[in-house]
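First the structure, in the form of structure tokens, and then the observations on it.
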Amino acid sequence: MELTDEERFIRRHVREFGREEIEPVAVEHEREGRYPWDVIETAAEADLLAPRLDESVGGAELDVVASLLVNEELHRADPGIAESVTSTTFGCEPLVEYGRDEHVEEWVRPATRGEAVTGVAMTEPEAGSDFATIRTTAERDGDEYLLNGDKVFISNGSVADALVVYARTSEPEELHRGISAFVVPTDREGVDRTSMDGYLGPAPTDVAQVFLNDVRVPVEDRLGEEGDGFYQAMAFLDEARLEVAAASIGAARGAMDLLREYVTEREAFGDAVAEKQAVRHRVADLETRLDAGRALVYEVGRDLEREGEVDSDRSAKAKLLATTLLEDVASEAVQLHGGYGVFDEYRVETFFRFSKVPQIYEGTNEILREVIAEGAL
């Protein structure tokens, strides 16, 4: 795929940022399990926190392909730190699209500057892929809503300054019509948060459980009309899946970089490991699949730029292909490192642990197969 001069510049810029600001501290952050505030600060200075948001609200206002390149190159450097950097402005798009000017000034602009963190609270203990069945409630009480419920697996949940919370405001026969969205400051009375220990993914990533106990939210902090929350969330889903696909391609390329470097330098039985035919053929297969997967992701991105909307079927295919490919590449990277592959110093184990994560969020791969099958059969 041909990139424009601007897109090539952005790719070089982000690649240099990854090499200089992320890779040197990746192992340290992984071992300490420390949220990468330092990298987020430098990423804000480099204008990398909100690639797709308009400049008028503090974003970089990049086109789709350029935004995918940012995501790819950050995850190529290190998936754990990249996940934190790219998620600091989660929730800002619905705030801009459906919120009020006051929401933009209070939350979006500070988030794009790295001075605040936002997030989205959708998933619940009994409602993951089946989002329409969420049980968190928002009961109208005069000029306020009273929110009650539990949210799980929330990115930035314990560090966010505000969350876009989806809650049930009515019980219609078609459940998806009874959901509304609210912006909720996390210091509000009744909001309790706790990090979820034992996370398989990279340690710098914040994943938390959020408890809402009689949290009062003014009516003016509802986003859009009552009952529109489900549709608001779905409006961003296909593009979000494309971003996950780009991130997965980036992480696969990062694991491939480490694999290539190791087998070229490592000797076994008198020759470099890279001279062994079995290794060469495995690398050749992975490189071929990487090129094919990357081509699909960016082709869908170009189509989005031209047509203004994402083909749900093709975005599902891009995410399914990219995320399963990441797992295969990361697994081979660990295997070909031998014993060193299971130690964090060589970093491939981080890519391997991360490889399961994007197969689950923004629609599990099982759900994606249903989407694809619906169009194919």
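All values reported here derive from a predicted model rather than from experimental measurement.
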For the pair [X] and [Y], name the ring-plane relationship: parallel under 30°, tilted 30 to 60°, perpendicular over 60°.
| X | Y | result |
| --- | --- | --- |
| His176 | Tyr231 | perpendicular |
| Phe354 | His75 | tilted |
| His337 | Tyr262 | parallel |

Quick check: do [X] and [Y] have side-chain heavy atoms less than 4.5 Å from each other?
| X | Y | value |
| --- | --- | --- |
| Tyr35 | Val117 | yes |
| Leu296 | Arg314 | yes |
| Pro79 | Phe351 | yes |
| Tyr298 | Leu69 | yes |
| Thr118 | Asn156 | no |
| Val283 | Glu332 | no |
| Thr42 | Asp38 | no |
| Asp311 | Asp303 | no |

Looking only at heavy atoms, which two atoms of [X] and [Y] are closest? And how far apart?
| X | Y | answer |
| --- | --- | --- |
| Pro51 | Leu49 | CD-C, 3.6 Å |
| Ile179 | Phe131 | CD1-O, 3.9 Å |
| Leu304 | Glu309 | CD1-C, 3.3 Å |
| Ala26 | Asp78 | CB-OD1, 3.6 Å |
| Leu223 | Pro94 | CD1-O, 4.2 Å |
| Pro125 | Val152 | N-CG2, 3.7 Å |

_Set out, in order, the CA-CA distance, both residues' side-chain angles and the distance that settles salt bridge (Lys or Arg N to Asp or Glu O under 4.0 Å) for Glu261 and Arg347, then state yes or no._
CA-CA 12 Å; Glu261 178 183 356; Arg347 298 187 54 226; over 6 Å; no
Can you tell me how far apart [atom1] ([X]) and [atom2] ([Y]) are? Round to the nearest 0.5 Å.
| X | Y | atom1 | atom2 | result |
| --- | --- | --- | --- | --- |
| Leu325 | Met256 | CG | CE | 9.5 Å |
| Thr123 | Gln209 | OG1 | CD | 11.5 Å |
| Asp257 | Glu23 | CG | CD | 8.0 Å |
| Leu48 | Thr89 | CG | OG1 | 11.0 Å |
| Glu83 | Asp206 | CD | CG | 12.0 Å |
| Glu97 | His103 | CD | NE2 | 14.5 Å |

Indicate, with yes or no, if [Y] and [X] share a hydrophobic cluster defined by side-chain heavy-atom contacts under 4.5 Å among Ile, Leu, Val, Met, Phe, Trp and Tyr.
| X | Y | result |
| --- | --- | --- |
| Leu237 | Tyr361 | no |
| Phe352 | Leu326 | no |
| Val210 | Leu147 | yes |
| Val310 | Phe230 | no |
| Val183 | Phe236 | yes |

If you count every heavy atom of other residues, nucleotides or ligands that lies below 6.0 Å from [X] atom [atom1], does the total exceed 12?
| X | atom1 | result |
| --- | --- | --- |
| Asp271 | CG | yes |
| Glu171 | CD | yes |
| Glu102 | CD | yes |
| Glu220 | CD | yes |
| Glu299 | CD | yes |
| Glu126 | CD | no |
| Glu370 | CD | no |
| Glu32 | CD | yes |

Check this for me, if you would: do [X] and [Y] make a salt bridge, where the nitrogen-to-carboxylate-oxygen distance has to be below 4.0 angstrom?
| X | Y | answer |
| --- | --- | --- |
| Asp285 | Arg282 | no |
| Glu362 | Arg241 | no |
| Glu73 | Arg253 | yes |

*Go through Val244 and Ser248 one step at a time and tell me if the side chain to side chain contact (heavy atoms under 4.5 Å, CB included) criterion holds.*
CA-CA 6 Å; Val244 174; Ser248 299; 4.2 Å; yes
Whether [X] side chain and [Y] backbone form a donor-acceptor pair below 3.5 Å:
| X | Y | answer |
| --- | --- | --- |
| Arg193 | Gly157 | yes |
| Glu243 | Thr86 | no |
| Ser315 | Ser312 | yes |
| Arg168 | Ala132 | yes |
| Ser331 | Glu327 | no |
| Arg52 | Leu62 | yes |
| Glu305 | Val65 | yes |
| Thr4 | Glu7 | yes |
| Glu349 | Gly341 | no |
| Arg135 | Gly149 | no |

*Residue pair Val348, Leu259: steps toward the side chain to side chain contact (heavy atoms under 4.5 Å, CB included) verdict*: CA-CA 8 Å; Val348 289; Leu259 182 161; 5.9 Å; no
When you check the side-chain N and O atoms of [X] and [Y], is any donor under 3.5 Å from an acceptor?
| X | Y | answer |
| --- | --- | --- |
| Asn365 | Thr323 | yes |
| Asn148 | Thr137 | no |
| Glu124 | Thr136 | yes |

*Does NZ or CZ of Arg140 come closer than 6.0 Å to the centre of the six-membered ring of Tyr145, within 45° of the ring's axis?*
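Yes.
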*Taking Cys92 as the fixed residue, which of Val120, Val104, Leu53 is the one that meets the side-chain contact (heavy atoms from CB on, under 4.5 Å) rule?*
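When side-chain contact (heavy atoms from CB on, under 4.5 Å) is applied between Cys92 and each of Val120, Val104, Leu53, only Leu53 qualifies.
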*Kindly determine whether Glu45 and Glu21 satisfy side chain to side chain contact (heavy atoms under 4.5 Å, CB included), including the steps that lead there.*
CA-CA 12 Å; Glu45 294 170 358; Glu21 304 294 340; over 6 Å; no
